[in-house]
Amino acid sequence: MNSVYPWLYLDNRNNIWKFWIDDNGELLYNIMYEQGKWTKENIIDKDVLEFTVYIQEGEKVHIVY
């Protein structure tokens with residue numbers, strides 16, 4: 001079981017972005033839009049041990065892993 005907690009971000013349109021690492025070491029994300037439903041999980045990369053997210057002014061998302 002991976003000990004890295006999910007990282008959540010609320011953007012200026014009230015969408016919730018969720019980034020996390022699953023038990024297989026895949027870095028994933030999905031988004032909950034205003035309707036309250038999550039999008040399909042999207043794989044960013046595999047064999048990831050840890051990550052951090054930085055939101056730059058203008059809502060540019062930077063992920064270091």
Side-chain angles (χ1 to χ4, degrees):
M1 181 108 194
N2 203 312
S3 62
V4 178
Y5 292 101
W7 194 93
L8 300 174
Y9 170 64
L10 179 65
D11 68 17
N12 66 0
R13 294 182 212 120
N14 290 323
N15 301 320
I16 299 172
W17 294 67
K18 178 181 174 184
F19 300 90
W20 75 100
I21 299 174
D22 70 6
D23 290 339
N24 297 320
E26 297 173 327
L27 178 57
L28 304 158
Y29 82 95
N30 62 354
I31 305 166
M32 180 189 290
Y33 293 105
E34 290 181 8
Q35 298 82 10
K37 295 184 180 180
W38 288 102
T39 62
K40 180 180 151 245
E41 297 175 354
N42 297 286
I43 298 174
I44 297 171
D45 206 350
K46 298 178 180 182
D47 298 322
V48 177
L49 300 176
E50 58 185 311
F51 71 99
T52 188
V53 180
Y54 171 72
I55 307 299
Q56 185 178 359
E57 188 174 327
E59 297 203 90
K60 291 183 182 180
V61 177
H62 301 273
I63 303 170
V64 178
Y65 58 95

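Starting from 1, each residue takes its place in the sequence as its number.
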Chemist: Would you say CD of E34 has more than 12 non-hydrogen atoms from neighbouring residues, nucleotides or ligands within 6.0 angstrom?
Modeler: no
Chemist: With a 4.5 Å limit on heavy-atom distance, are the side chains of I63 and Y29 in contact?
Modeler: no
Chemist: Between N24 and E26 (side chain of the first, backbone of the second, donor and acceptor by atom type, cut-off under 3.5 Å), is there such a pair?
Modeler: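 No.
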Chemist: Who are the side chain to side chain contact (heavy atoms under 4.5 Å, CB included) partners of I16, not counting sequence neighbours?
Modeler: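 Checked I16 against side chain to side chain contact (heavy atoms under 4.5 Å, CB included); matches are L8, L10, M32, W38.
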Chemist: Any side-chain heavy-atom pair from N42 and L28 closer than 4.5 angstrom?
Modeler: no
Chemist: With rounding to the nearest 0.5 Å, note down the distance linking CD1 in I31 to CZ in F19.
Modeler: 7.5 Å
Chemist: If you take all heavy atoms of K40 and N30, which pair is closest and at what distance?
Modeler: O-CB, 3.7 Å
Chemist: What distance do I55 atom CD1 and E57 atom CD have between them, rounded to the nearest 0.5 Å?
Modeler: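 That separation rounds to 12.5 Å.
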Chemist: Backbone N or O of V64 within a donor-acceptor pair of the T52 side chain at under 3.5 Å?
Modeler: no
Chemist: Which residues pass the side-chain hydrogen bond (donor to acceptor under 3.5 Å, both in side chains) test with N12, not counting sequence neighbours?
Modeler: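 N12: side-chain hydrogen bond (donor to acceptor under 3.5 Å, both in side chains) contacts with E59.
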Chemist: Say whether, by atom type as modelled, one donor and one acceptor occur between the side chain of D11 and the main chain of Y9 under 3.5 angstrom.
Modeler: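 Here the side-chain-to-backbone pair does not exist.
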Chemist: Which residue is it: L27, D47, V53? I am looking for the one with a side chain to side chain contact (heavy atoms under 4.5 Å, CB included) to Y65.
Modeler: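 Single pass found, and it is L27.
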